Asks: 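A single structure is presented below for examination.
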Amino acid sequence: MKKDYYNILGVDKKAPKDEIKKAFRTLAHKYHPDKKTGDDAKFKEINEAYSVLSDDAKRSQYDQFGSAGPAGGFNSSSGFDGFDFSQFTQGGGFNGGQSFEFDFGDIFGDVFGGGGRRAQTKRGRDVSIDIELSFEDSVFGVERTVLLNKVSKCDNCGGNGAEKGSELTNCSTCNGKGSVREVKKTFFGQFESVVTCNVCLGTGKIPKVKCHICRGQGIYKKETEIKVKIPAGIDNGEMIRLSGGGEAVAGGTTGDLYIKIYVKKHALFKKDGANLVMDLGVKLSLALLGGEQNVSTLDGDIKLQIPEGVTHGEILRIKGRGIPQSKSARGDILVKINILLPKKLSREARKTIEDLKKEGI
Ligand SMILES: [Zn+2]
Ligand SMILES: [Zn+2]
């Protein structure tokens, strides 16, 4: 009853693994049931032999006891029924056979490499660019026009590849279906799959007269002007995605355009959420007496009322001159008071201060 697995694969008892693998491939090729030379029983036998001899543990058990199982020998009803070829479906891949030390990728890679082509829609390349903004533009938002040299949809034909006034007809290659059956001859026989028609690129239609600009491609590389609306309040390092602003692809969807924003620093202002923050130097006399001081804002100069006795580090608020949050709402400017003390006093000033000192100030 004992089957001689070495004999079945036609290898020596001391044959190394790669030799066993090679022998298995050659025989599996020959006896696959889909082949003319195929033989179902023999194919199963080859699989069985290989499943044992390719597994170190099973092989040594087989060598020792003449069987790879604990008792009763190893036959095709004891857990091994050959490869389940029903699993080899387009796009599905092969997920069985974990018990085999056998690289399916090797053999099937070229056959099934195109798996899922039918379901995939082609997508154009994403494009990314940088835009540098002035601080003011980042606060109020701006519209920028950028010139991109990229593959775009043809304006002349609107992307269908037909010359103006010319109509589209059914693709004769795929009979208007957009897909064709593809038969690949392989190792284990023929495999059939449905792939996108490469004449009409899946649309099922071809132009009667090709567009003279894109030569019927529907796309071509050109300089394209893109208007980008940059929203108010954008921050340094933020990214804007313009869906469909990337490269076009024939018979697929256009990629996206990614715009990375760089904001130049402002000499006076820093952003803090919706607010702008600034330091304001105030003379000691003004701080003591109070009064008006000119302050520049992003909307022009204004007069800021400095309250009498303002303290160093105190924050004054200029309402509604910060970063726009909506059409009606804006943040504020927070003015941090920095009281400027004179480094040197004139003789007169010193005398005056000494008088203040006497007064207890
Ligand atoms: Zn065109
Ligand atoms: Zn076609």
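Everything numeric in this text was worked out from a predicted model, so none of it was measured. In each ligand, atom 1 is the first atom listed, and ligand 1 is the first ligand listed. Positions are given from 1 along the sequence. Values below: every heavy atom of this structure, side chains too, minus hydrogens, waters and symmetry copies.
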Asks: Evaluate the side-chain proximity of Arg144 to Ile259: yes if any heavy-atom separation is below 4.5 Å, no if none is.
Replies: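 They are not in side-chain contact.
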Asks: Kindly check if the number of other-residue, nucleotide or ligand heavy atoms within 6.0 Å of CD (Glu348) is above 12?
Replies: no
Asks: State whether Cys214 contributes an N/O/S atom found under 2.8 Å from the Zn ion (ligand 1).
Replies: yes
Asks: Rounded to 10°, how many degrees is the angle SG/Cys157-the Zn ion (ligand 1)-SG/Cys154?
Replies: 100°
Asks: Taking atom NZ of Lys222 as the centre, does the number of heavy atoms from other residues, nucleotides or ligands within less than 6.0 Å exceed 12?
Replies: yes
Asks: If you stand at the Zn ion (ligand 2) and look out to SG of Cys174 and SG of Cys197, what angle do those two lines make, to 10°?
Replies: 110°
Asks: Has Lys44 got its NZ or CZ under 6.0 Å from the middle of the six-membered ring of Tyr31, at an angle within 45 degrees of the ring axis?
Replies: no
Asks: Given atoms SG of Cys200 and SG of Cys171, what angle do they subtend at the Zn ion (ligand 2), to the nearest 10 degrees?
Replies: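 Taking the Zn ion (ligand 2) as the apex, the two atoms subtend 120°.
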